Every structure is written in structure tokens, then in C-alpha cells.
Amino acid sequence: MANLIQAAREQVAQLTQAAYEKAAAQGLLPAGQTIQGTVEVPKDSKNGDFASSFAMAGAKALRMAPRQIAQIILDCLELEGSLFQRAEIAGPGFLNFFYAPRWYGEVLKAVEADPEGYGACAEGQGKRVMVEFVSANPTGPMHMGNARGGVLGDTLANVLSRAGWSAWKEFYVNDAGNQVDKFARSIHARYMQLLLGEENFPFPEDGYQGGDIRELAQAFYAQHGDAFQDAPEEQWLDAMSRFGLEHNIPKMQSDLRKYGIEYDQWFFESSLHSSGYVAETVELLTKQGWTYEKEGALWLNTTELLKEKYIREGKTREQADKLDLKDDVLRRANGFYTYFAADIAYHRNKFEARGFDLVINVWGADHHGHVARLQAALDGLGLDGSNRLVIVLMQLVNLLQDGKPVRMSKRTGKAIALHDLLDEISVDAARYYFNNRSATSPLDFDLDLAVRQDSDNPVYYVQYAHARICSLIARMREGGAQVCPAGQIDARALAEPEELALVKTLAQYPEEIRLAARDYDPSRINRYLTTLAGDFHRFYNACRCMVDDARVQAARLKLADSVRLVLANGLGLLGVAAPSKM
């Protein structure tokens with residue numbers, strides 16, 4: 001079992017239960033009782049590696065004082081061959097267990113057995129999960145929010161894969177609807193201004209103002225000249241939208257590829273419309289009785305769907321009736337389907353057509369009002385959206401330089417774009433920083449700190465630990481020392497507090513992956529790597545690896561190499577390089 005902390009926790013319960021049964025067989029404790037004690041990690045390691053509350057939990061049933069029970073259990077414990085070398089009584093009756101050298105050796109063996117897969121677990125049971133992230137409108141450059149959402153989604157999918165899920169990464173391309181219409185009209189207006197002069201052709205009030213629109217209009221003009229000056233609206237709308245999307249989407253793909261993100265699929269909204277899937281989905285909602293017509297439009301009875309959802313989640317009907325809820329338009333009076341209708345159809349496609357067991361979307365926090373409505377609509381289709389659709393809401397990024405907010409991009413005059421950011425800092429720094437806080441926390445991204453090469457820069461701190469170990473191994477190899485197989489290491493040679501703490505941190509990695517997947521919080525991996533790097537630096541400063549005692553030297557070198565492997569493993573999950581030199 002790779003999760004040796006969990007294995008040890010389970011063994012504490014087994015050893016304690018076996019000791020109780022032995023005591024009961026000897027008539028020292030009443031037999032036939034079921035005792036539900038807890039096994040916890042004490043805050044202070046001086047109190048052992050695990051503390052069992054078995055004696056206190058069993059006091060009433062066994063009709064005996066907890067410390068008296070604890071003493072009997074202690075006397076009957078059989079630790080030979082276990083992961084523990086001793087146990088003792090503490091406080092009101094806790095049984096504290098201390099790891100045996102064997103446990104420390106098993107951790108090193110587990111890392112060695114599968115360096116790249118170490119930390120994996122079977123929590124996902126092979127179930128299929130889609131992580132949809134970024135999904136920025138293809139009407140302009142990707143911004144800082146997309147930069148954060150990109151690394152959060154990509155790393156979360158990596159973590160879920162390691163935790164036993166079959167993970168799929170997807171980008172939803174909004175290539176239909178109002179925003180694409182506005183995009184095309186904005187390009188057309190700039191195109192006409194090139195032909196007639198800015199003062200002679202009005203720009204739409206709600207048009208996209210960015211310099212990228214001017215660049216697209218210039219490129220369109222360079223390719224077509226004045227051929228579309230007198231073209232009918234339907235013709236230039238189609239031409240401008242296709243031209244803009246065919247330019248922007250490959251650029252988005254290129255920017256994300258530079259950022260280290262590759263998707264399993266780019267899914268186009270237009271395919272839902274052209275295939276009739278949106279219309280079919282709306283018709284299914286109508287058949288289920290969830291729609292009604294008003295003023296020529298077709299509406300979803302979101303109010304009632306949400307009330308039923310909230311009642312299932314524990315609210316009373318009276319509480320649900322007091323909520324300020326609103327219905328949503330699915331099909332406008334002009335016959336066009338809304339973005340919400342397409343979004344419902346897209347998520348129906350994820351569950352029904354493609355069979356994903358769980359769907360996770362990484363969205364900006366400004367979309368929070370959309371979450372329950374979409375889940376409720378999927379509930380109305382019988383797809384259990386309330387439980388199978390998870391939305392990770394991401395808070396804002398504050399970009400800082402010289403201690404002051406950076407709000408503008410010199411190139412576009414708009415919020416700084418992803419490609420501008422990657423011109424300023426490395427991909428490694430960007431990916432590490434954007435995943436350095438949980439999605440629910442606002443993030444201050446300090447450009448000055450991100451390029452510093454010292455321990456204040458968290459990505460440098462972790463990468464330097466990896467490079468330092470590579471350098472150590474190379475130096476010791478020159479002196480004739482080799483990293484030995486774990487089976488040849490005498491774990492009893494690891495006796496210093498810094499050594500033992502470092503092995504325990506290595507053992508914690510599988511649990512961090514499990515919890516990161518459970519909580520949809522990949523930032524746990526960053527925090528773990530920072531802790532592991534810190535523990536290594538403390539070990540390195542306290543325990544010399546080049547020593548005369550061959551037994552101690554071999555154990556310390558193996559420990560350092562194990563840290564190197566786990567640092568590389570964790571940085572790989574983040575999509576960050578593990579350099580051998582710095």
C-alpha cells in the first residue's frame with residue numbers, strides 16, 4: 001500500500017482490536033463489546049505518531065477506568081513484525097504509537113517502486129470525469145483570469161488522474177450567439193473605417209474596442225481589399241466571423257500550448273446548434289413540463305426547478321417560496337436559442353451522449369449565480385446535475401509590480417493578456433504562482449517576486465531543492481558513492497529528528513493527492529512541495545551526507561534521492577520543470 005500513513009493508521013486499529021480480544025480471552029476485559037475508538041495524529045510528535053482513544057471510548061461498555069483499560073491493552077499488544085516499535089499511555093487514557101524503523105524503510109521502498117506514479121490512489125475507481133476550463137470567448141486575447149483558470153483546471157485534471165479517475169480536459173468554444181455576432185460587427189466597422197475613414201462609419205456602441213479588432217480588420221482588408229464594402233449584411237457577417245474565429249482560435253491554442261496546456265478536445269458550441277441538439281434538449285425540457293411560452297418566447301420554469309432542488313437539499317417549502325428566484329428564456333421571440341439553452345444542451349451532451357460520471361467546470365466567481373440554475377436544469381432532464389456537476393469558482397487575480405497594481409497591457413490597452421504575461425515571466429513561474437492558492441482565495445501575483453532567484457520565490461525554492469539534490473548525488477558519485485536500492489538500506493541509521501521528519505513528509509504525499517482530488521483543490525500540491533523542500537533544506541543543513549559511517553551515508557543519500565523523486569513527481573503534476581542545475 002503506497003499510502004503508508006493510512007496503512008499505519010489502519011494497523012493501529014487492528015493491533016488495538018487484537019489486543020482487546022486477547023485481553024477478553026484471558027478474562028482481563030469483558031468480551032463481546034464493540035468499541036469505536038478514533039486513531040488520530042497528535043499535534044506534537046513527542047506524543048507519538050498516532051494516538052488511539054480506544055480505552056476512553058470503551059470505558060462505559062467495559063465498566064472500567066480508561067487508564068486501567070489502556071494498561072491492559074498495552075500489556076496485550078503484540079508489536080513484533082508491525083510498523084510500530086513501541087506504545088505508551090498518555091493523558092486520560094490515550095494509547096500513543098511510535099513508528100518502527102521498518103516503517104521508514106517502507107516509505108523509501110514505496111517511492112523507489114514507482115517514482116512517477118508514487119502517490120496514486122484508487123479513489124476515482126476508474127470513473128470518467130471531464131474538467132472543462134478556460135473556455136474563453138474567442139473574440140479577444142485571453143486575460144489573467146484565464147491564465148489562472150488554465151493552470152487550476154489543468155492541474156486539477158492531473159491530480160484526478162493520479163487519484164484514480166479517468167480524466168478528460170476540454171475547452172468549450174463559444175463560436176455562436178450574440179458575442180460572435182458582436183465580434184463580427186466590430187471587425188466590419190473597423191474594416192469600413194479603413195475604407196471610408198473613422199469619421200464616416202459609426203462603431204457599434206457595444207462593440208469590442210480592443211486593438212486586436214483593428215488588427216483583424218487590417219488583416220481582412222489586406223486579404224480582401226474592398227470586396228466586402230457593398231456586400232449584403234448576411235454575407236459580411238458570415239465572412240467576418242469566420243475570419244476572426246479562424247485567426248483567434250489557433251492563437252488561443254498556441255498560447256495555451258506555450259503555457260503547457262493540451263486539451264483532449266476543443267468542443268464547438270456551433271456543433272450543438274447545427275446538429276439540432278439544442279432544439280432537442282429544449283424539447284425534452286418541454287416534454288417534462290418545465291417550460292412555458294410568454295410574449296412569443298419560450299421560458300424555463302427555473303423558479304420551480306430551483307425550489308425543488310433546494311427542498312431536496314434540506315430547505316422547507318416555505319423557505320424556498322421566500323427566495324427571490326427568476327425564470328430564464330430558452331428561445332427568444334425571434335426563434336434564436338439563448339446561451340443558457342446551449343449551455344444546458346452542452347452539459348446534457350457531457351452526461352448523456354458522452355457518458356461522463358462527473359463534470360467539473362472551472363469558472364470565474366462572477367458566474368456564481370449561474371451554478372444552481374444550470375444544475376437545476378440538468379435535474380429537470382433527470383441527469384442529477386446537483387450532484388454530478390461541480391463548479392469550482394475562481395476568485396480574481398491582482399497583478400502587482402513594484403508593489404503597485406498592474407491593470408493595463410501596453411500592447412492592447414486592455415487587461416493584461418496571457419501572451420503578454422508569458423513574455424515577462426517563465427511558464428514555470430506562471431503555472432506555480434497561479435496554482436499557489438485555492439481557487440476560492442483571491443491571488444496576488446507579484447511580477448517582481450516571480451522572477452527573483454532566491455528562497456522568497458516559492459517556485460525557485462522548490463526547484464532549487466531538486467537541483468541541490470542532483471548536485472549532491474553528482475558530487476558523491478564522483479567520490480564513489482552510489483544511491484543504493486531501498487532494500488539494502490538500514491532504516492535504523494535514520495535517527496536524527498530532521499531525517500525522521502523528512503521521511504514522514506515523503507509519506508504524506510499520497511494523502512495530499514487524495515485530499516486535493518476530494519476537495520478539487522490542486523493548490524494542496526504546491527503547499528506540500530514547499531513543505532517538502534523546506535524539510536529537505538533543514539535535513540541538508542543538519543545532517544551531512546558525506547560521512548565516514550557507510551551505513552549512515554547510504555541511508556542519507558537514499559533519503560535525499562527519494563526527496564528528489566517526489567519533488568519531480570509533484571512538479572510534474574503542476575506542469576513545472578524539475579531542473580538538475582540552477
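Computed from a predicted model, the values in this text were never measured in an experiment. In what follows, every heavy atom counts, from backbone to side chain, and hydrogens, waters and symmetry copies are set aside.
Counting only distance, with no hydrogens or angles, the side chain of S52 and the backbone of F54 share a donor-acceptor pair below 3.5 Å. Using a distance-only test at 3.5 Å, with no hydrogens or angles considered, a donor-acceptor pair links the side chain of S241 to the main chain of D238.
Ring-plane geometry between W363 and H347 is classed as perpendicular, the angle between the planes exceeding 60 degrees on a 0 to 90 degree scale with a lower cut at 30. Taking the six-membered ring where tryptophan is involved, the planes of W168 and F356 are tilted, since the angle between them lies from 30° to 60°. In this pair, F434 and F445 present their aromatic rings tilted. The plane angle is within the 30 to 60° band.
Cation-pi contact between R9 and F50: absent, since separation from the ring centre below 6.0 Å together with deviation from the ring axis within 45° is not met. Remark: R332 is not positioned above the aromatic ring of Y337, lacking an NZ or CZ atom under 6.0 angstrom from the ring centre and at most 45 degrees off the axis. Cation-pi geometry between R331 and F336 is not met: the NZ or CZ atom fails to fall both under 6.0 Å from the ring centre and inside 45° of the normal.
Side-chain contact between T316 and I311 is absent, with no heavy-atom pair separated by less than 4.5 Å. Between V129 and V359, every side-chain heavy-atom pair lies at or beyond the 4.5 Å cut-off. At a threshold of 4.5 Å between non-hydrogen side-chain atoms, the residues F183 and L245 count as touching.
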Report the C-alpha separation of W299 and D328 in whole Å, then their side-chain angles, then the decisive distance to 0.1 Å, and conclude whether the side chain to side chain contact (heavy atoms under 4.5 Å, CB included) test is met.
CA-CA 6 Å; W299 293 70; D328 294 284; 5.8 Å; no
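With sequence neighbours left out, D521 forms a salt bridge (Lys or Arg N to Asp or Glu O under 4.0 Å) with R527. For D423, the salt bridge (Lys or Arg N to Asp or Glu O under 4.0 Å) partners two or more places apart in sequence, or in a different chain, are K258. Listed by chain and number, the residues in a side-chain hydrogen bond (donor to acceptor under 3.5 Å, both in side chains) with S441 are S438 (sequence neighbours excluded). Taking the salt bridge (Lys or Arg N to Asp or Glu O under 4.0 Å) definition, one finds that E246 meets it with nothing, sequence neighbours left out. Partners of E293 according to the salt bridge (Lys or Arg N to Asp or Glu O under 4.0 Å) rule, which considers only residues two or more places apart in sequence or in another chain, do not exist here. The side-chain contact (heavy atoms from CB on, under 4.5 Å) test applied to D535 returns L502, T505, T531, R538, not counting sequence neighbours.
Across E269 and A342, no two heavy atoms sit closer than the pair OE2-CB, 3.6 Å. Minimum heavy-atom separation, T139 to N248: C-ND2, 3.6 Å.
Under the 3.5 Å distance criterion, with hydrogens and angles disregarded, no donor-acceptor pair is assigned to the side chains of N137 and K182. Between the side chains of R514 and N3, no donor N or O sits under 3.5 Å from an acceptor N or O.
Between F340 and H370, the ring centre distance stays below 6.0 Å. Here F268 and Y172 keep their ring centres 6.0 angstrom or further from each other. Ring centroid separation for the pair Y528 and Y509 comes in under the 6.0 Å cut-off.
A salt bridge links R431 with D154: the distance from a Lys NZ or Arg NE/NH1/NH2 to an Asp or Glu carboxylate oxygen falls below 4.0 Å. With salt bridges taken as basic N to acidic carboxylate O contacts below 4.0 Å, one links R317 and E304. Ion pairing of E116 with R162 is absent here, as no side-chain N (NZ or NE/NH1/NH2) approaches a carboxylate O to less than 4.0 Å. Looking at K350 and E170, no side-chain N of the basic residue comes within less than 4.0 Å of a carboxylate O on the acidic one, giving no salt bridge.
Just one of T286, D327, N301 meets the side chain to side chain donor-acceptor pair (under 3.5 Å) condition when paired with Y292; it is D327.
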